[in-house]
Amino acid sequence: MYGGGAIAGLVNMVSKTPEEDPQLDIMLTQTQALGSTANVFYGQRKDKFGWTLYGSGHYQKAYDPEDDGFSNLPLTKSLSINPKLFYYPSENTILWLGLNGTYDDRKGGDITKIEEGQNGIHQYTENNLSKRLSSQAVYETKLDSLRTLTVKNSIAYFDRSLDIPDLTFKGKQWNTFTEATYQKEGLKSDWVLGANLYSTSFDEIDNPIERDQKEITYGLFANNIYDLSDQWILETGLRTDYAQDWGFFALPRVSLLYKNDTGFSSRIGGGLGYKLPDIFTEEAEFINFRDVLPINKDALKAERSYGVNLDFNYQTRLSDEIGFSINQLFYVSAIKNGLLLNSTDDGLFNFENAEGEIISRGAETNIKFTYEDFRWFLNYALIDTRLNYLPGNPQKPLTAKHNAGSVLMYESDKWRIGYETYYTGKQLLSNGSETTDFFTMGLLLMRNFKWGSTFVNFENFTDRRQSRFSPLVLPPHENPTFPEIYAPTDGFIFSVGIIIKPFGNEDHD
């Protein structure tokens with residue numbers, strides 16, 4: 001429903017708001033890999049009140065396409081529910097409250113143990129159980145035709161446990177976020193002023209290494225969009241955060257836009273950023289947080305980033321039937337004090353700041369052709385990310401330097417058809433070895449009816465998966481190790497689905 005594979009153009013049920021006419025959407029999907037998903041959305045507004053309810057359930061049987069005895073897709077049972085209540089005291093004011101709960105239970109590893117229990121060498125599994133509960137609150141009012149006040153708040157609780165045969169990781173985390181913004185529109189200048197408060201508290205359970213984390217961050221920000229002329233627009237902003245134990249962070253940004261009546265526009269901009277250190281990095285997750293030492297606030301610095309980007313846009317018609325647009329982006333970004341996880345002499349792992357910068361340079365090209373009901377999207381991305389703190393400034397592992405994609409779509413009142421092709425270039429692994437490049441392809445067909453839609457999806461139908469290039473599991477069977485993932489692992493997935501809209505739906509032939 002989102003991301004690079006979202007060629008179906010489905011509406012995100014989570015973010016939909018209620019309308020006067022009631023809406024009911026039911027979406028059911030079944031895959032050949034024995035994965036079943038059900039999504040339900042209901043929404044309606046009556047006078048000053050409205051409500052929506054989104055629910056989702058998913059079951060996936062453990063799936064092992066190459067029959068090596070280990071799951072590529074874990075046994076999964078998940079459930080999510082998200083009710084919201086909307087209140088409209090006047091035409092200029094809205095208040096809505098929401099609650100989001102998710103239960104997700106995943107068990108992967110040895111197929112025999114998952115299905116039959118422990119038996120001889122069949123011992124290894126990974127159990128990942130997570131439970132989330134969060135509140136959402138938004139108040140927005142138009143003080144007049146030019147001024148708007150918005151207040152947002154969210155409180156989130158996250159409970160996670162990870163179990164492998166000789167290790168258990170358990171923890172609970174609370175996050176809170178509150179923000180108030182004041183927006184004023186003018187003839188030549190628009191302003192946004194605001195303040196926010198963010199807090200996080202992580203408590204680990206049953207671990208002799210004390211890795212609890214608590215952070216509170218206060219922020220003030222201002223943003224201005226100023227029309228220098230009919231063709232030039234200047235956007236400037238400044239955010240100042242204060243994080244307890246880490247200090248102040250001043251984050252300016254600026255952007256200059258040029259546009260004209262010929263379909264051409266260009267923007268150049270840049271700014272600063274930062275990230276506070278925590279133990280939840282990809283490197284720590286890869287080793288299941290085993291023997292990872294806590295964040296040392298006295299020895300570490302926050303990561304700092306800065307970057308500049310430049311893009312060009314052009315849109316025109318090549319003929320009366322053919323439309324054309326292109327976006328060309330160039331960027332350079334850098335991370336200073338990058339957070340690294342390094343091994344110590346006693347076999348533990350300690351977080352340290354990189355002595356050199358991580359520099360990422362790149363370009364991205366997006367082209368779109370239109371012809372009647374057809375759309376053709378072409379994409380190419382160059383990602384040159386160098387680790388300057390290592391000898392030779394190597395490319396960042398698991399980051400393909402060259403990526404490309406093509407999506408051809410046909411969309412009418414009755415049909416929606418999409419054919420996609422993606423290319424992923426060679427990548428480096430952490431040990432310095434180079435992977436192979438590969439293509440993946442997908443095909444989706446959807447037919448609309450008065451009562452809803454039916455669809456079939458052939459995802460990765462060329463069955464590209466990492467096991468065709470290198471093993472996914474290394475012996476011994478009872479205590480395996482798993483190489484880094486650089487390509488799809490589940491291979492070809494065929495799914496069929498149906499979307500039912502009993503009411504609140506436009507008629508189709």
Side-chain angles (χ1 to χ4, degrees), residues 146-152 154 175-200 215-259 265-278 297 300-313 327-339 353-364 383-386 388-389 396:
L146 300 177
R147 299 179 301 152
T148 302
L149 177 66
T150 304
V151 180
K152 302 177 182 179
S154 177
N175 293 323
T176 69
F177 175 78
T178 303
E179 179 185 87
T181 60
Y182 170 79
Q183 181 176 351
K184 184 179 184 301
E185 299 179 10
L187 294 177
K188 283 193 172 185
S189 179
D190 296 339
W191 282 95
V192 177
L193 307 175
N196 68 270
L197 170 65
Y198 173 74
S199 71
T200 180
E215 305 288 354
I216 298 179
T217 302
Y218 309 88
L220 293 173
F221 56 90
N223 190 77
N224 176 257
I225 300 177
Y226 185 76
D227 295 339
L228 299 174
S229 67
D230 292 339
Q231 295 180 323
W232 294 91
I233 300 175
L234 177 66
E235 181 175 358
T236 56
L238 176 64
R239 167 183 286 276
T240 302
D241 281 3
Y242 173 74
Q244 289 186 351
D245 303 323
W246 301 98
F248 285 95
F249 299 89
L251 310 173
R253 66 186 182 96
V254 61
S255 177
L256 181 63
L257 170 67
Y258 170 79
K259 59 181 181 178
S265 66
S266 179
R267 185 193 306 266
I268 184 171
L272 306 181
Y274 78 99
K275 185 180 185 303
L276 300 181
D278 63 47
K297 294 184 178 182
L300 291 174
K301 298 178 181 179
E303 293 180 314
R304 301 273 192 157
S305 68
Y306 53 91
V308 177
N309 58 77
L310 171 65
D311 73 79
F312 301 94
N313 303 276
N327 170 266
Q328 179 62 58
L329 168 70
F330 301 95
Y331 68 88
V332 178
S333 63
I335 297 177
K336 185 179 179 181
N337 303 325
L339 190 65
N353 289 122
E355 294 183 359
E357 295 180 331
I358 303 171
I359 305 292
S360 183
R361 305 176 183 87
E364 184 169 339
I383 306 173
D384 184 14
T385 302
R386 299 289 174 172
N388 289 355
Y389 56 85
K396 184 180 184 297

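Values below: every heavy atom of this structure, side chains too, minus hydrogens, waters and symmetry copies.
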Task: Heavy-atom donor-acceptor pair, N337 side chain to K301 backbone, under 3.5 Å - done: no
- [ ] Specify whether F248 and Y242 have parallel, tilted or perpendicular ring planes, treating 30° as the upper limit for parallel and 60° as the lower limit for perpendicular.
- [x] tilted
TODO: May I have the step-by-step check of side chain to side chain contact (heavy atoms under 4.5 Å, CB included) for Y198 and E179, ending in yes or no?
DONE: CA-CA 9 Å; Y198 173 74; E179 179 185 87; over 6 Å; no
Task: Nearest-0.5 Å distance, CG of residue N175 to OG1 of residue T200 - done: 4.0 Å
- [ ] Measure the spacing between OH of Y182 and CZ of R147 and express it to the nearest 0.5 Å.
- [x] 4.5 Å
TODO: Quick one: which residue pairs count as a salt bridge (Lys or Arg N to Asp or Glu O under 4.0 Å) with a foot in residues 265-276, not counting sequence neighbours?
DONE: K275-D278
Open item on the list: Restricting to side chain to side chain contact (heavy atoms under 4.5 Å, CB included), what partner residues turn up for R239, sequence neighbours left out?
Closed with: N196, F221, D241, L251
- [ ] Go through the structure and list residues passing side-chain hydrogen bond (donor to acceptor under 3.5 Å, both in side chains) with T150, not counting sequence neighbours.
- [x] none
Open item on the list: Return the OH to CD1 distance between Y331 and I383, rounded to the nearest 0.5 Å.
Closed with: 5.0 Å
Task: Shortest non-hydrogen contact from A302 toward P277 - done: CA-CD, 4.0 Å
Open item on the list: A quick test of your reading: do over 12 heavy atoms of other residues, nucleotides or ligands sit less than 6.0 Å from CD of E355?
Closed with: no
TODO: Any chance you could lay out the side chain to side chain contact (heavy atoms under 4.5 Å, CB included) test for T176 and L197, step after step, and finish with the verdict?
DONE: CA-CA 8 Å; T176 69; L197 170 65; 5.5 Å; no
- [ ] Please identify each residue that fulfils side chain to side chain contact (heavy atoms under 4.5 Å, CB included) with S265, with sequence neighbours left out.
- [x] L257, K259, N313
TODO: Identify, with sequence neighbours excluded, every residue that meets side chain to side chain contact (heavy atoms under 4.5 Å, CB included) alongside N224.
DONE: S189, W191, Y226, T236
TODO: Please check if the side chain of T181 supplies one atom and the backbone of L193 the other of a donor-acceptor pair under 3.5 Å.
DONE: no
Task: Spatial distance of atom CD1 (I359) from atom OH (Y389) [nearest 0.5 Å] - done: 12.0 Å
TODO: Ignoring hydrogens and angles, tell me if any N or O in the side chain of E303 forms a donor-acceptor pair with the backbone of L339 under 3.5 Å.
DONE: yes
Task: side-chain hydrogen bond (donor to acceptor under 3.5 Å, both in side chains) partners for D245, two or more places apart - done: K297
Task: Residue pair A250 / L272: nearest heavy atoms and the distance that separates them - done: O-CD1, 4.0 Å
Task: Gap separating the CD1 atom of I358 from the NZ atom of K336, nearest 0.5 angstrom - done: 13.5 Å
Task: Euclidean distance, I335 CD1 relative to N388 CG, rounded to 0.5 Å - done: 11.5 Å
TODO: Quick one: closest heavy-atom pair of F249 and A243, and the distance?
DONE: CE1-CB, 4.1 Å
Task: pair N223-E235: side-chain heavy atoms closer than 4.5 Å - done: yes
